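Structure record follows, encoded as structure tokens.
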Amino acid sequence: MANLTLAIPDETLRRARLKALEQGTSVNALLRKHLEIFAHTQSAQEEALDRIRSRAEQIRAGSGGRRWTRDELHER
């Protein structure tokens, strides 16, 4: 496991330690948990792109690989 050094204002760290103590944990454990969630959570934009890609694959599969012509795409 790697170590990380942070520069945090003294008052912020003091208050964080008190809150962590109230919750029965440590600042280190809270930061580790937050970073794990942050590192493994997709952004809303990434999730939207994944849905678009998935839908495009469904459409492609449903068309049997058929390519649309320009006229068909713009047909009203």
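Given the structure is predicted, the values throughout are model-derived calculations rather than measurements.
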Can you tell me how far the CG atom of Asn3 sits from the OG1 atom of Thr5, to the nearest 0.5 Å? 7.0 Å
Check this for me, if you would: do Arg14 and Glu11 make a salt bridge, where the nitrogen-to-carboxylate-oxygen distance has to be below 4.0 angstrom? yes
CZ of Arg17 to CG of Asn28: how many Å apart, nearest 0.5 Å? 10.5 Å
Do Gln23 and Leu30 make a side-chain contact, defined as non-hydrogen atoms from C-beta onward lying under 4.5 Å apart? yes
Could you state the interatomic distance from CD (Glu36) to CG (Leu31), rounded to the nearest 0.5 Å? 11.0 Å
I need the Leu35 CG to His40 NE2 distance, nearest 0.5 Å. 11.0 Å
Heavy-atom donor-acceptor pair, Glu72 side chain to Thr69 backbone, under 3.5 Å: yes
How far apart are the closest heavy atoms of Ser26 and Ala20, and which atoms are they? C-CB, 3.7 Å
Nearest 0.5 Å please: distance from the OG1 atom of Thr41 over to the NE2 atom of His34. 9.0 Å
Inter-residue atom distance Arg53.CZ - Glu46.CD, 0.5 Å rounding: 9.0 Å
Please report the closest heavy-atom contact between Leu13 and Ile8, naming both atoms and the distance. N-CG2, 3.9 Å
Taking all non-hydrogen atoms of both residues into account, name the closest pair between Gln42 and Asp50 and its distance. NE2-OD2, 2.8 Å
For side-chain contact (heavy atoms from CB on, under 4.5 Å), just list the numbers for Arg70 and Glu75, CA-CA rounded to whole Å, side-chain angles, deciding distance to a tenth of an Å, and then say yes or no. CA-CA 9 Å; Arg70 184 178 186 285; Glu75 203 172 87; over 6 Å; no
Can Ser54 and Glu57 be counted as having a side-chain donor-acceptor contact under 3.5 angstrom? no
